[in-house]
Amino acid sequence: MAATARKKEKAKPTTKKSDKTPSTEFKVHAPEASEVFLTGDFNGWEANSASYRMRKYKGDIWKKMVPLKPGRYEYRFVVDGCWWTDPENPERACTPYGSENSVITV
């Protein structure tokens, strides 16, 4: 009886589409800015996190895609060190510091 060689198959991890967290796009028009960061309760309000540095696109629009699970999030932009509330988003929340954060619900 001859032995047959079997090819070992590696187990492949499976990811269901429903398991993947969808990305949400944040954008702001800041023509004079040299750097823009996104910050919010989703990243512990780290104002200069390299992971949340936004990229400048045509038309002086800065964008960042962030995977967010369904829920309510507060955020702001840090434009050249100055904190900006999203001028295109009317949904706001007052802070204990007398300013407003932008609010997004995913």
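Keep in mind that the numbers below use all heavy atoms, side chains included, and drop hydrogens, waters and symmetry copies.
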query: Any donor-acceptor pair under 3.5 Å linking the side chain of K64 with the backbone of S51?
result: yes

- prompt: What distance do T24 atom OG1 and M65 atom CE have between them, rounded to the nearest 0.5 Å?
  reply: 7.0 Å

query: Looking only at heavy atoms, which two atoms of K56 and A33 are closest? And how far apart?
result: NZ-O, 4.2 Å

task: Would you indicate whether E25, at its atom CD, is surrounded by more than 12 heavy atoms from other residues, nucleotides or ligands within a distance under 6.0 Å?
output: yes

query: Do N101 side-chain atoms and A93 backbone N/O form a donor-acceptor pair below 3.5 Å?
result: no

Side-chain donor or acceptor of T39 paired with backbone N/O of E46 under 3.5 Å: yes

Single-linkage hydrophobic cluster I61~V36, side-chain heavy atoms < 4.5 angstrom: no

- request: List the steps, then state whether salt bridge (Lys or Arg N to Asp or Glu O under 4.0 Å) holds for E74 with R72.
  value: CA-CA 7 Å; E74 294 186 21; R72 179 186 177 279; 3.1 Å; yes

message: Taking V103 as the starting point, is it possible to reach L38 by hopping between hydrophobic residues whose side chains are less than 4.5 Å apart?
response: no

task: Provide the closest heavy-atom pair for R92 versus P87 in the form atom of the first, atom of the second, distance.
output: NH2-CA, 4.1 Å

message: Working note: Y73 + F26, criterion ring pair (Phe, Tyr, Trp, His ring centres under 6.0 Å); need CA distance, chi angles, decisive distance, verdict.
response: CA-CA 12 Å; Y73 299 92; F26 292 85; 8.5 Å; no

query: Which atom names give the shortest non-hydrogen contact between W83 and A47, and what distance separates them?
result: CZ2-CB, 3.6 Å

message: If we ignore hydrogens and angles and just use 3.5 Å, is the side chain of S102 paired with the main-chain N or O of D86 as donor and acceptor?
response: yes

task: State, to 0.1 Å, how close D80 and E32 come at their nearest heavy-atom pair, and which atoms those are.
output: OD2-O, 3.9 Å

Any side-chain heavy-atom pair of P31 and H29 under 4.5 Å: yes

- prompt: Do F42 and F77 belong to the same hydrophobic cluster, where Ile, Leu, Val, Met, Phe, Trp and Tyr are linked whenever their side-chain heavy atoms lie under 4.5 Å apart, directly or via other members?
  reply: yes

message: Take a 6.0 Å sphere around NZ of K27 and say whether it holds more than 12 heavy atoms from other residues, nucleotides or ligands.
response: no

- request: Mind running side-chain contact (heavy atoms from CB on, under 4.5 Å) on I104 and E91 for me, showing each step along the way?
  value: CA-CA 7 Å; I104 188 168; E91 198 168 336; over 6 Å; no

- request: Without swapping roles, check the side chain of W62 against the backbone of A30 for a donor-acceptor pair under 3.5 Å.
  value: yes

query: Ring centroid separation for Y75 and Y52, is it under 6.0 angstrom?
result: no

field: Student check: side-chain heavy atoms of V78 and W84 closer than 4.5 Å
entry: no

task: Apply salt bridge (charged side-chain N to carboxylate O under 4.0 Å, His left out) to E35 and list each qualifying residue two or more places apart in sequence or on a separate chain.
output: R53

